[in-house]
Number of protein chains: 2
Amino acid sequence: MDTSMKTKFSRQREAIRKQLSGRHDHPTAETLYEELKEEFPRLSVATVYRNLNQLVESGEIAKINLNGPARFDYNPEPHSHFVCKGCGCVVDMSDNNDEALIAARKNFDGDIESCSSQFYGMCSQCIKETAQ
Amino acid sequence: MDTSMKTKFSRQREAIRKQLSGRHDHPTAETLYEELKEEFPRLSVATVYRNLNQLVESGEIAKINLNGPARFDYNPEPHSHFVCKGCGCVVDMSDNNDEALIAARKNFDGDIESCSSQFYGMCSQCIKETAQ
DNA sequence: TACAATAACGATAATCATTATCATTATCGC
DNA sequence: GCGATAATGATAATGATTATCGTTATTGTA
């Protein structure tokens, strides 16, 4: 592939970046598309996917693969997520998985670069609602 | 949904279970389908998906979501996987993520039931081949 | 063993998420 | 401003998965 391609500025990409930066709910491409259509009535889903992929490629954002459509995270640093079995929300965990990395490297015959973990359970909100 | 449905024996489901049990490469539904077609020439992909989902539902196997099609794991116990950036192989990690669970529960305002981690890097085989 | 009820099947259409194509538009260096 | 080309919007195409539906297999009971 030709890696010499110079990226040009685009208002759409800038808007996607901005939209993603101000939140922690890890939206899907579809969600971002719906939201950005207000600002860009002619926006195409393809543009959203294209730019999200480009931002992932460049290491600026991260892609989260769970059940269902991919989610995107403005924080590209490897970190953990909590996935609620009740409402399906995905929230950041403020853990450092350095320890997990160190432990894993001890018994592994290869080169481990990074680690991402998912925790599953019920968020406090869902626990409250179930209790009622 | 009607949860009173009693499952009946099926040769296809039994074959899927058996096929998955004897390996550690976490195949996709498509891979299992191709392999099982030899034993069941009339097998339908739908049957493979149906049964895999059923086994996941009953907690007998686990579904692994990464980039690309879902993979299936005969070990339903939460555990970690290593994903090679070179060849794309997915191998089990013999870590205990109990420590990660305990650490995560300390700073979290909800109920964390389980944890699964992915480690990314280069497997020993790919390191060898790159070095040449 | 036969029979009725129904779970599971195979074939395939439909859906959902994502990517590829392509003619047009916007950006950027000169 | 102009030419080169990256990015766009519209949409067709793809890949993975699920839904539908008429048929077949399993199972409990007569």
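Just so it is clear: chains get the letters A, B, ... in the order the sequence lines come, proteins before strands, and each one is counted from 1.
In this structure, B/Arg50 reaches the bases: a heavy-atom distance under 4.0 Å links it to at least one base atom across the strands shown. Among the heavy atoms of the strands, none lies under 4.0 Å from B/Glu30.
For the pair A/Glu34 CD and C/dA17 C1', the computed distance is 14 Å after rounding to whole Å. For the pair B/Phe72 CZ and D/dA16 C1', the computed distance is 11 Å after rounding to whole Å. Rounding to whole angstrom units, CG of residue B/Leu36 and P of C/dA8 are separated by 17 Å. Put simply, CG on B/Asn53 is 12 Å from C1' on D/dA16, counting in whole angstrom units. A straight line from NZ of B/Lys63 to C1' of D/dT18 spans 11 Å, rounded to a whole angstrom. For the pair A/Leu52 CG and D/dT8 P, the interatomic distance rounds to 11 Å; values are reported in whole Å. The distance between atom CG of A/Leu32 and atom C1' of C/dA17, rounded to the nearest whole Å, is 14 Å. Atoms OH (B/Tyr33) and C1' (D/dT17) sit 14 Å apart, rounded to a whole Å.
For B/Thr47, a side-chain nitrogen or oxygen approaches OP1 or OP2 of C/dG10 to under 4.0 Å. Between A/Asn51 and D/dA7 there is no side-chain N or O to OP1 or OP2 distance below 4.0 Å. Here A/Arg42 does not reach the OP1 or OP2 of D/dT8: none of its side-chain N or O atoms lies under 4.0 Å away. A close approach under 4.0 Å does not occur between any side-chain nitrogen or oxygen of A/Asn67 and OP1 or OP2 of D/dT17.
Taking the side chain as every heavy atom from C-beta outward, B/Arg50 and B/Gln12 never approach each other to under 4.5 Å. B/Glu30 has its side chain within reach of B/Val45: a pair of non-hydrogen atoms, C-beta onward, lies under 4.5 Å apart. Looking at heavy atoms from C-beta onward, B/Glu113 lies in side-chain contact with A/Lys85 at the 4.5 angstrom threshold.
The side chain of A/Val45 lies closest to D/dT11, out of D/dT8, D/dT11, D/dA6. Side chain of A/Ala46, nearest nucleotide from D/dT11, D/dT18, D/dT17: D/dT11. Minimum atom distance to the side chain of B/Tyr49 is reached by D/dT17, of the listed D/dA10, D/dT17, D/dT20. Each of C/dT12, C/dA7, D/dT8 was ranked by its minimum atom distance to the side chain of A/Gln12; first place goes to D/dT8.
To the nearest 0.5 angstrom, B/Leu66 atom CG is 12.0 Å from B/Thr28 atom OG1.
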Quick test: give all pairs of protein nitrogen or oxygen and nucleotides 25-29 of chain C nitrogen or oxygen below 3.5 Å, distance rounded to 0.1 Å.
residue : atom : partner : partner atom : Å
C/dT27  : O2   : A/Lys8  : NZ           : 3.0
C/dC28  : OP1  : A/Phe9  : N            : 3.3

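Looking at A/Glu14 and A/Arg17, a side-chain N of the basic residue comes within less than 4.0 Å of a carboxylate O on the acidic one, giving a salt bridge. Comment: A/Glu39 does not engage A/Lys18 in a salt bridge, judged by the lack of any side-chain N to carboxylate O separation of less than 4.0 angstrom.
In this structure, B/Ser44 and B/Arg13 both approach DNA chain C, and ranking their closest nucleotides by distance from the 5' end singles out B/Arg13. Each of A/Thr28 and B/Val48 was matched to the nucleotide of DNA chain C holding its nearest heavy atom; the match closer to the 5' end belongs to B/Val48.
Side-chain atoms of A/Glu60 and A/Gln54 include no donor-acceptor pair closer than 3.5 Å. With no hydrogens or angles considered, a side-chain donor-acceptor pair links A/Asp92 and A/His26 at under 3.5 Å.
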